[in-house]
Amino acid sequence: MSSNIRQNKGNNIYADLSDYTVIDVETTGFIPDYCDIIEYGALRVREGQVVAEFQQLCNPGYEIDSFITAKTGITSEMLKGMPSPETVIDQFLTFLGNDVLVGHNTNFDINFLYDVSDGRLPNDFIDTMRYARHYLRNLERHRLIDLVNHFGFDSSNMHRSIPDCYLTKQVYESLLPFLREFGPYKKTYRSEKTDFSLLEAEGETDPGHPLFGKVCVFTGTLEKMIRREAAQLVVNCGGTCENSVTKRTNFLILGNNDYCKSIKDGKSNKHKKAESLSLAGQDIEIIPESVFYDLVEDN
DNA sequence: TCTCCTCGAGATCT
DNA sequence: CTCGAGGAGA
């Protein structure tokens, strides 16, 4: 089974559910083409309560690597006499039924299950990692362990399928309030991402602040935050943000543009335009990101 | 101005 | 894989 064509896979969805099934599989490695499931795990949830569990160790037919044993605690010895992954998949699919499947980095589990079931896995699924990356942007990392710690759950018993399913359920429930408040993530184009005109100041603005009444424009990738967050800081100081350098522009904030292949001399088109406007006498300053943060914090 | 495209960076699962 | 960024083209 080719791993990059999984036509009948379900969709990765945003949904506020109380009936679903949590899944987690342990495997011999990352790549479905070369690795196998060694443990199935699932929890059927109805009205928010676990009403059934499915747990089964499987023997892939070869010794498993020591680093898998170190990670999961599953040894080759434990798998002796266990059924093969292929002989368990039908029971597992029956357990899943038509439920939406909840997991952490669910694509990983789905791809293994899809392949071993020969494509009989059309269930839509929910990925708590994706939710967390969207709603908990301030977290440095979004591994299951990071979310478990963030929400204050007990992480002492991780890396087997059933305990991880329970933790994933708790994490999903903890992320639902964010979904309710902010709505599902929508793929947005720049027009929405960078429409800063609707931003309102959080708190009082200081007319004496250097950014008060000033028009700011960003170029390049900011190191410390996305543009919308930086734009909010500007608005909090009484300034506004726009998307292109014009005769109104007072500050151009330079992010990192190293990656951009089309920029050959280290300066973006916005940068060049700002320089020419500056030479023409316009009140425009070109400042690096670090200076920008000093400015907005100066209040 | 708005939409579509491409590119590079970074992250998660065992 | 997803996401944010600039740029082309309408």
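Just so we're on the same page: letters track the sequence lines, and every chain starts at 1.
- Protein atom CZ of F67(A) is 12 Å distant from nucleotide atom P of dT14(B), rounded to whole Å.
- Between the CD1 atom of I68(A) and the P atom of dC13(B) there is a distance of 13 Å, given to the nearest Å.
- T27(A) comes within 4.0 angstrom of sugar-phosphate atoms only, judged by non-hydrogen atoms across all strands, and of no base.
- At least one test fails for R44(A) against the ring of F54(A): distance under 6.0 Å to the centre or angle within 45° of the axis.
- With 3.5 Å as the limit, one finds a donor-acceptor pair spanning the side chains of D99(A) and T21(A).
- Contact annotation for I38(A): no contact, since no heavy-atom pair falls under 4.0 Å across all strands.
- Aromatic ring centres of Y172(A) and Y20(A): separated by under 6.0 Å.
- R133(A) has no side-chain polar atom (N or O) that falls below the 4.0 Å cut-off from OP1 or OP2 of dA11(B).
- Rounded to whole Å, the distance from CG on D127(A) to P on dC13(B) is 10 Å.
- The side chain of R137(A) lies closest to dG4(C), out of dC13(B), dT12(B), dG4(C).
- Atom OH of Y131(A) is separated from atom C1' of dA11(B) by 19 Å (rounded to the nearest Å).
- Closest to the R130(A) side chain, of the nucleotides dG6(C), dC13(B), dC3(C), is dC3(C).
- Side-chain rings of F218(A) and F292(A) approach one another, their centers coming within less than 6.0 Å.
- A 3.5 Å limit on both hydrogen-bonding distances identifies dG10(B) as the Watson-Crick or G-U partner of dC1(C).
- F125(A) has its CZ atom 14 Å from the C1' atom of dT12(B), to the nearest Å.
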